[in-house]
Every structure is written in C-alpha cells, then in structure tokens.
Amino acid sequence: MTGIVVVSHSRRLAEGVAELATQMTQGKANIAIAAGIDDPENPIGTDAIAVMGAIEEVCDDDGVVVLMDLGSALLSTEMAIELIDPEVAEKVKLVSAPVVEGTLAASVAAAAGLDIDTVISEAKAALGVKQEHLGETDDSVAPEVAVQSASDALSFEWQVENPHGIHARPAASIVGAVAAFNCDMWLIKGDKEVSAKSLNSIAKLAVSKGESICFKASGDNAQGAIDAFKQLAHTHFGEADLVNNPQPEPETEQVASAPSHQAIKGAITGLSVNGGIVTGPAVLFSASMPDVPNRSCASIADEQSHFTQSIETVSASLKQQASEPHGEIFQAHLLMLNDPELLASVQTRIAQNVIAEQAWVEVTQQLALEYSQAESAYMQEREADVHDIACQVMRVMTGDTDAGITLSEPSILLARDLMPSDVAGLDKSLVLAICLSEGGKTSHSAILARAMGIPAIVQAKGCLEEIQAGQHISVDGFSGLLWHSPDSDTSAELEQKRQQWLAECEAAKANAQSQAATLDGLEIQSLANIGGPEDVQAALDNGAEGVGLFRTEFLFQSRDTLPSEDEQTEVYLGIAKAFGDKPITIRSLDVGGDKPLKAYPMPVEENPFLGLRGVRLCLAHKDLFVDQIRAVLRAHAQQPNIQLMIPMIATVDEIHQVKALVEEQKQALGLQESNLPVGIMIEVPAAVLNADALAKEVDFFSIGTNDLTQYVMAADRGNTDVATLVNYFEPAVLSAIEITCKAAKNAGIAVSMCGEMAGDTKATETLLKLGLTKFSASSTLLPALKQTVRGISLATTETV
Ligand code: PEP
Ligand code: MG
C-alpha cells in the first residue's frame, strides 16, 4: 500500500491530520508523521532526519507520498531525500497538495489500494471541491523563448518553475550538464551575469520560481552547450517531478528558529540535535584557520603550482571520504572545491603577485560572506562548508596538520561550530557530547553527529564564554540543555534521567551480544568492519563475533612515514588478542590512485579506479607488500585467529603471485609450518567470472559489494550523478553474488560479505536466501542486523 508521510512544523497539527485520515480510512492507511522538533522550549520546526525515519517507516514497494506544510518542511524533505538510500528515494513522491485536504484524499485512495499515481492525483485534486465552491480558477504559464543575442553568443531564455528556484541541486545539475563544453558560458538574471560553470555563482544568483534566466554560450560547440542546457531546462533541472506537481508558493524560509533562551538557572539552553545525557570535562575547541605565512611571492608559477597541488591533495581526500557512509556531504565539498570560478579567482590574485595562501583566504572569505548573506537559511548554512574547505586547503598549504581536534580523555566538546571534516575525524570513543554555540539542526556537522550517535546540541549561545576548559558540565541532549551549575534537585533529576537512558542503551546492546539465528535456527556470524585499534571496543560492545574486514590502509594513510613491520605486527596482535579466538580478517593494503599514500607518493592516474590499486599496487611495489605480509605472518604465529585477505583480485595469476610471496616470507621468517589462511575479496567482475578457479586457490571469499557494484554497473561509487546505478539490488549485482556463493559452496570454502550491503537490513533476507551466513559491517549496524536475522524464516531455503 502506498505510504503517506505528513511533514509539518507542528507536531500537534500533524497528529491531528493523521488522526482525521486514520478515522476516515478506519485505520487502514499507512501514515507516518515527521513534525516539530525535539525541543520543549521551541517545538516548532522540521527535521530532515525525522522525515527520513517517517519515510522508511511506511515505505514498501508501492512507494510513499509526502505532503508538507510550508517553507523549511519542503527543504527538510528534500534533504531527507538526498540522504536516504537512493533505492527508497526513487519511490518517494513529494506532492504540493494542501496538507489537510491532500492527506485525507491521499489516505483514502491509498487505503483503497489504488496505485501511487492515483493517490497523488487524488491528493492534488483535493482542493478542487473547495475552489469550485468558492469560484476560484487556476492559471498556469508555460514559458520558453529561444533567442539569438546580438553578439555571436547564442542564448536561450527560460522561466524557472522549480519550486525553490535554482538552489544548490539544480545549480549542480546545470554545472554537470554544461561544464564539459569547451566554450564560454554565462547564466544571466536581470543585470547579473555569472559563469554557468560555477556552482557557487549560479547558486548566488538566487533565482527564484517565476524568474527568467538567460543561458549564453560562445565559442567551440556553443550550440552543443545550448542544446544541453535546453534539454536540462525541460527536465526542470532534474526536478521535473516537483515542478509537475506544482507546490504552493513557499513562505520565505525562516532561519532555523533560535531557541527562546528562556533563562533556566544553572543551564544554557540550545537546540537538541541528538539525545543522551552525559557529564564530563569541557574541551573548548576553536577551529582556527592557519595563519597566512609571512613570506613574499617568489615566483608566480611556483605559487600557482603550490596552490594546484594543495587543491589536488584535498580533492583526493574528499573523494575518499565521499565514498564512505554519509559521503554525500564530502561529495558536495568536492564540487565546491573544484569550482572553476573559485579556482580562477585565486589564480588571478596569484598572478597579481599575491602568495597562494593569501589569495586563497581572500577569495574564500569573500565567498563565505556571500553565502552568509543569502536569503535562504539553507544557503546561509553553506558558509560553514566554505569555511571547512578553506581550512582544509590552508592546512595542506601551510603544512599545519595539528589543527584538528585531539582529545586525551572522554570529554564534552564545545565549539562555535564544527566542520564536517572535524566531526568525521573525531575519536568517537572520547567524545561524550558535542555542544555548539552556533550551527543549525540541518548543518552537516549536526547530521554527522547524529549519524555517529553522539549526544549533541546546537545554538547553545554563550557556552564558550561561560564555560571554562576542564570544567565539569552536563549535557542533556534530549532537552538541548547544557548544565554548568545545576542545583542539587536538578542534579538528582539529571542523574535519574541519565540512568534511565543508560539502562535503555544497555538493554539494546545486551541483545546484541548473543549470536543471531533465523526463526528456523540458521546461525549467522556477525562480524565487524574496522579501521584500526580505535574501533575494537565499539565492535565488541556491539556484539561483533570477530572482524570480517580490517581496512589496514587507515594505518598507512595521512602519515608522513610508512608503519614499520614491527609496528604493524604490534597493531595486528593487539587487535587479534582483544578478540580472543574470534576471527580477525586483515585486508592487505588497498590503496591506489584514488586513495593516495602520503608516505609513498605515486603518479596520478587518469582512471584511478581502473588503475594500480589494491593487490595490483602491492604486487608492483613489493617492498610495501612484503613488510605487511611479514607482519601478518608474525602476528598469526602468536594469534592463530588471524587471516589474510587480498583486495581487488581479478585473476588466478595474481593469487599465485601473492601465495608465492607469502610462502617466500614464511621461509624467511622460519615459519614454514604456518597455516595462515589466505582469502580474497570478490569485488571485481573478473573475480566473479573466475570464481570457480579462484575458489580452488584460496581459503575464503569475502564479497566487497561497494566495489563489485561500481564495477558491475560501470558506475563510479563516489559520483552522485550515477548514484542510482550504484545499487546493489540491481539484478546483475545479485547474480554476481549468487555466482560467488555457489562457487564457494562447490569448493567447500567459506564466503562472507563485507561491503555496505552486508549491514543493510533491507538486504538481509535476500542475502540469506542467496546462501550467505557471514556478514561483516560497521559495528553500530550489528545489533539491528542481528534483530533482523532473528525475524526471518528460511524454511525452504538451501544455504551454504
Ligand atoms: C568493498 O569494496 O565492498 C569493500 C568492502 O572495500 P572498500 O569499501 O574498502 O573498497
Ligand atoms: Mg573495495
């Protein structure tokens, strides 16, 4: 049945609407609400994460219709759609229908089992009766005029119908569609003219619904660019869906309403971002931009190359982060960083004999200022993103690598605002809570804090001034309160609330410690993906029954020197000991063109994902590989729960070469008797097609669906333009998994999965049916994975 989601600023309003619809359909409609925010002082507002939750709650194969009240309800919903699993996002339709009438009509149609298109048209027609009654009519306009300008530039005019105008996403579509053309291009609104290749500039034009824009192109294949733009315009810059369901004119968006700051004795009030109650010492962090060095411009060419190299370094790291969970934020930063207009402005300043750092700071400060003055709150919050990329580039340019947050004990982190890169790089085990004096509920750092499960509040005005470093404070993430001097009654109340919260967390985790089995008794092994020793405790706490993937590249990346054989041995041993006799799968170094090693520079490749990565690089640079093999062999001699896994294997010859190296090092170390299991990742289509032959050579397979999906679908896993293709539910990917499982079964070797799909509970039943019984995922996903397994029955399914 089509699900219905009501997004409103007011929880009471949404509950009332849902109640009406439920009554009208005798409880048959599948309705969820996402309304209000978790702040008792100031409950009016909308929250993208809540919208995601509501969509997931009611989504099934028939799709979901979302009705929103106004303003930021639309933006929160759009953000939720951007963040949600693309497979779910595809099934979600946003409709412009009025919330009350539309929800009622949609619910009735959905409850009657009508298809989603009918549900939508019912919702949209819902106002008709009232309009007719009041004698109102609806006029719509369809504007488009193609003109040729007086100069040699070709031009095309368009009246924008997108409900939110040309905001960041349509702007990105424009850049994506035309940037490849070699000619000069401009986008013009009134007397403002900007480069059509610049995301920032287009967004700053602030084109609203109903306004006319003119796209001009001049030079080589200008006609091609015009055609491309025209085609895109006809799809409403990728928002045809929203436009074809025209929405009421949104009210000017309100800046995320500030908390009332009603004085609460002993506390600072903020907005709740993530629940939880903690007490601990305060650490005050100020994300300072490294100073511009005091030097003069030696040579313009040197300054330009210094700048370009720094941009490349930051781009490579953003690209890496973009391919990880919650990577969309970093993908947006990548786009912003490589904005041609931004880069050109810096190069222009450098050409005027300004040193690269100074030029970069000047240009990005101006850009941040422009964002901060934007009309929409969403665009204003992008100021923090500009600041983030600006700092990252400055850190690289100045070599100031100590600017990040380092915590030595569990602490409550106080800052004005945090950059996504700061939050992503936090040692989660030491962050008790995050408390920001600025920030918004939709800021990227808030989203990341929530995703990482850290109690957090924002807009706690004055916290940096009133709190001293080291002072013991309490944060109530549920109420958005920071307590610096609670009276004894409040302390007791807080403690009681905290104990209750801890008990609930404990209960959830307690269940996570027992092994999961399906209803018909098939036992499943739930393993953790880790990046280093810092992840071990969380893995154990979340009930990991071993490590299915230890991404050792985290030991190597962002270091100035390579970790020695001894150092690696210590790390591997430490982790293996922590897990007792549970299996530890150490993946050999998986770096390459897209994941550069600072301590081992390699040439930039044209097609890094098809280049010297994973085992290919290790076999080409045996010095790197041999140290690691020796470290694994030595650790295994003491901890037999260790096994070695090789990434990116495509051919039998590659595994022969690896095995020969392992044998050679066994001899060299006097460990001839070692029975170190050696397995491979199945993540390259050739490995799937060679699976029978490979299975005869190795001790186990582990399916890496992240890469397998990108290679099977020929769709870059970090490129949002092809994100819908990077879908592990595609039949071709499922077939590849099935072939792999069968080959493993025939050869009698174990097969597991360690790509993101393994932790996706929507895939669990399918994977069990394909014969998988070993899953390796981020440890925070394991409790839910186990719960899902416990609800599945496979009575008639044959398994490996
Ligand atoms: C994979 O490709 O699925 C995988 C687990 O490896 P990574 O994400 O590290 O490439
Ligand atoms: Mg991989």
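Since we're looking at a predicted model, the values are computed, not measured. As the structure lists them, so they are numbered: ligands from 1, and atoms in each ligand from 1.
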Original post:
Which is closest to atom 1 (C) of ligand 1 by heavy-atom distance: D590, N706, V684?
Top reply: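 Minimum heavy-atom distance to atom 1 (C) of ligand 1 goes to N706.
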Using a distance-only test with no angle check, is there a side-chain donor-acceptor pair under 3.5 angstrom linking [X] and [Y]?
X: S702; Y: S752; answer: yes
X: D627; Y: S564; answer: no
X: S778; Y: N529; answer: no
X: N706; Y: Y711; answer: no
X: Q628; Y: T552; answer: yes

For ligand 1, the portion of [X] having any non-hydrogen atom under 4.0 Å away:
X: R587; result: side chain
X: L549; result: side chain
X: M681; result: side chain

Close-contact set for ligand 1 against [X] heavy atoms, below 4.0 Å:
X: R551; value: 4 (C), 5 (C), 6 (O), 7 (P), 8 (O), 9 (O)
X: G755; value: 3 (O), 5 (C)
X: C754; value: 5 (C)
X: D707; value: 1 (C), 2 (O), 3 (O), 10 (O)

Subject >> Short N or O distance, G704 and ligand 1, threshold 3.5 Å exclusive >> reply: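 Between G704 and ligand 1 (N or O atoms, distance only) the closest approach is under 3.5 Å.
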Original post:
Considering distance alone, does some N or O of E756 sit under 3.5 Å from an N or O of ligand 1?
Top reply: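 Looking only at distances, the answer is no, because the N/O contact criterion of under 3.5 Å is not met.
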Original post:
Can you check whether D339 reaches L335 side chain to side chain, under 4.5 Å on heavy atoms?
Top reply: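 Of all side-chain heavy-atom pairs linking L335 with D339, none is under 4.5 Å.
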Original post:
For the Mg ion (ligand 2), which N, O or S atom of E683 is at the shortest distance?
Top reply: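 Atom name returned: OE1.
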Subject >> N, O or S atom within D707 nearest to the Mg ion (ligand 2), by name >> reply: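 Nearest N/O/S atom: OD2.
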Original post:
Is it true that D692 and K742 make a salt bridge, defined as a side-chain N closer than 4.0 Å to a carboxylate O?
Top reply: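 No, no charged N to carboxylate O under 4.0 Å.
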Subject >> Pair D85 + K91, salt bridge at N-O below 4.0 Å >> reply: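 No, this pair does not count.
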Original post:
Looking at ligand 1, does M757 have a heavy atom less than 4.0 Å from it?
Top reply: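 For ligand 1, residue contact (heavy atoms, under 4.0 Å) with M757 is absent.
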Original post:
Going through the checks in order, is the side chain to side chain donor-acceptor pair (under 3.5 Å) test met by N511 and Q787?
Top reply: CA-CA 8 Å; N511 216 10; Q787 282 306 109; 2.8 Å; yes
